[in-house]
Amino acid sequence: MARLKIKEILISGEREKEIVAKGWVRTKRGSKNVNFIALNDGSTIHNLQVVANVEDFNEGLLRDITTGASLAVTGKLADSQGSGQHVELIARDIELIGKADPEKFPMQPKRHTLEFLRENAHLRFRTNTFGAIFRVRHAMAFAVHKYFNDKGFYYLHTPIITASDAEGAGQMFRVSTLDPKNPPLNEDGEIDYSKDFFGKATNLTVSGQLEGELGATALGEIYTFGPTFRAENSNTTRHLSEFWMIEPEMAFYDLTDNMDLAEDFLKSLIRYALENCKDDLQFLASRLAQEEKNKPQDQRSMELMEKLNFVANNDFVRCTYAKAIEILKNSKPYKKNKFEFPVDWGIDLQSEHERYLVEKHFKCPVILIDYPKDIKAFYMKLNDDDKTVRAMDVLFPQIGEIIGGSQREEDYDKLVKRMEEMNIPSDEMWWYLDTRRFGTVPHSGFGLGFERFIQFITGMGNIRDVIPFPRAPKNAEF
Ligand code: 4AD
Ligand code: MG
């Protein structure tokens, strides 16, 4: 007999034929005569209620059906008398596939803290919350590919091991096969990376953009979607050492085209989630509402569904960096010395500033443009003022920066000059500069932090809860 997924069983409601359901026990409650088993197989947030008449089953078998155990249940569906589900599976046969010792199985049928679940990340998939999060994450990954495929973009696989530091941030994980105890040294006593595996110093990529630009200046419109690594020692709720980034890169796009694409892309992902992840989002929304109840009134965020609909249906505000600084300087928290970090033209905005602009001032997503050149990467196109670059950061409520991007400098001489100013060795980047030497074109792109976006969609406060196996400083278990 064919096994059906619980999602299909609940939708079809087929009563005539016998069916088989397989999954893990979430809870079991029972009376003298009958046991009710909530079975979940990951296909949906909803459990299938299995009804086992005590007299039909071996006592030992029923005793071993505990939270976490895996079962195959054969039987027929019937109308459910209980509230919470409209059908239930009347068990004719139950096969106990794998027991879960209740003394030892950590996932008990009660509310666990997110911290506890992070320490048990190998089993947290078995909870409603993480089941919902990872189904939504999957749907969003699919929606990313669908969005770009529908628009004629090509998915370009950029390398994970690279020799360049795309963002000029210098916070990279080294990839090396040299013996750490006895590395070869050059005449100056420094490690001789010419003897290393690739014949040069290499690292895990911080961004696929530079290679993405090579693709875009031939294929027209490409995107990357892959893992990205940053060795920053930041233990925040918005940083990971390994995260996934989506980086579209488009020939013949200026900054306005780039902003239009970013806004449309984000809205379309949200709409996809609202249409295709209803049950999981509803569950996550009620989880969030529960959590928010414990916060003071003025710190509560908008209800999840309301927030998603709001962002999907309203224009983002577009504002220059200079104007944003002016707004911040005129703000209450600034005047009352409530910001932790200084505000002045030239500073890199901190999350507290970004969130003030989005949540308190504009009360909607904001795209900030024209940042000072000194706080942005070398490849951004210089404005005529010679002071600012055509950068754009998309700022979201609760998250702060969710997208960073720019129009790229397509002028060879200006780009080389900028690299010299920023001490970026242009000889090593000859391949990148070749795009500006041969048939250069205006082009633009951006990077969306996938986990920050999943935080937004699911309402989860900590980025470590939206990636299956988080990597962060001092944290690489599992
Ligand atoms: O602003 P970033 O550093 O931009 C780039 O890497 C460009 N090469 C993108 C491009 O133009 N193609 O990073 C882009 C986004 C950020 O806005 C943020 O959402 C996310 O990546 N991000 C991180 N997410 C989680 N953990 C970290 N440590 C992150 N660093 C950046
Ligand atoms: Mg950035």
Side-chain angles (χ1 to χ4, degrees), residues 140 144 148 153 156 158 162 164-173 204-216 221-250 253 255 257-259 261-262 265-266 269 321 348-351 353-354 358 365-369 371-372 375-381 389-396 398-409 432 443-457 460 462-467 470-473 475:
M140 290 295 88
V144 166
F148 287 122
F153 282 54
L156 192 76
T158 50
T162 74
S164 72
D165 173 7
E167 293 303 299
Q171 293 165 317
M172 297 173 300
F173 291 101
L204 295 178
T205 187
V206 295
S207 158
Q209 177 196 323
L210 302 190
E211 290 90 351
E213 286 185 50
L214 309 181
E221 292 162 342
I222 63 94
Y223 68 105
T224 72
F225 186 176
T228 321
F229 306 86
R230 301 211 179 162
E232 325 163 72
N233 201 0
S234 27
N235 257 309
T236 78
T237 55
R238 302 175 318 118
H239 287 87
L240 289 166
S241 315
E242 175 180 299
F243 64 99
W244 287 65
M245 186 156 47
I246 297 134
E247 295 184 276
E249 191 69 36
M250 299 76 61
Y253 270 50
L255 188 61
D257 301 325
N258 204 23
M259 287 192 278
L261 181 75
F265 176 48
L266 289 167
L269 292 183
Y321 168 92
D348 210 353
L349 294 181
Q350 300 293 325
S351 154
H353 307 134
E354 296 174 342
V358 174
V366 179
I367 311 183
L368 283 190
I369 60 165
Y371 281 74
I375 57 170
K376 289 293 183 190
F378 73 93
Y379 51 70
M380 297 193 182
K381 186 174 172 66
V389 285
R390 278 182 208 172
M392 61 168 219
D393 276 9
V394 181
L395 313 179
F396 259 33
Q398 275 98 51
I399 309 289
E401 180 192 335
I402 198 160
I403 278 182
S406 72
Q407 185 169 341
R408 318 306 188 190
E409 182 58 77
Y432 182 70
H443 62 288
S444 300
F446 60 82
L448 170 66
F450 191 51
E451 285 75 19
R452 290 201 188 164
F453 182 72
I454 302 299
Q455 276 190 278
F456 175 75
I457 285 277
M460 297 304 289
N462 192 323
I463 197 164
R464 297 176 195 199
D465 293 333
V466 296
I467 185 162
R471 296 288 175 260
N475 194 332

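The analysis underlying the following values was restricted to heavy atoms, covering all of them including side chains, and did not include hydrogens, waters or symmetry mates. Read the numbers this way: they start at 1 and go in the same order the structure lists the ligands and their atoms.
The part of Phe446 lying near ligand 1 is the backbone, judged by heavy-atom distances below 4.0 Å. With a heavy-atom cut-off of 4.0 Å, Asp393 does not touch ligand 1 at all. Within the 4.0 Å heavy-atom criterion, the part of Gln209 lying near ligand 1 is the side chain and not the backbone.
Counting only heavy atoms of the protein, atom 18 (C) of ligand 1 lies nearest to Arg452 NH1, 3.5 Å. Ranking protein heavy atoms by distance to atom 14 (C) of ligand 1, first place goes to Met245 SD, 3.4 Å. Nearest to atom 19 (O) of ligand 1 among the protein's heavy atoms is Ile402 O, 2.8 Å. Protein heavy atom nearest atom 17 (O) of ligand 1, with residue, atom name and distance: Glu401 OE2, 2.6 Å. Here the protein heavy atom with the shortest distance to atom 11 (O) of ligand 1 is Arg408 NH2, 2.9 Å. Of the protein's non-hydrogen atoms, the one nearest atom 20 (C) of ligand 1 is Gly449 CA, 3.6 Å. Distance from atom 15 (C) of ligand 1 to its nearest protein heavy atom, with residue and atom name: Gly447 O, 3.6 Å.
Near Glu247, meaning under 4.0 Å from any of its heavy atoms, are these atoms of ligand 1: 7 (C), 8 (N), 9 (C), 10 (C), 12 (N). Atoms of ligand 1 found under 4.0 Å from any heavy atom of Tyr379 (numbered from 1 in listed order, with element): 7 (C), 8 (N).
The Mg ion (ligand 2) lies under 2.8 Å from an N, O or S atom belonging to Glu401.
Ring centroids of Phe453 and Phe396 are separated by 6.0 Å or more, keeping the two rings apart.
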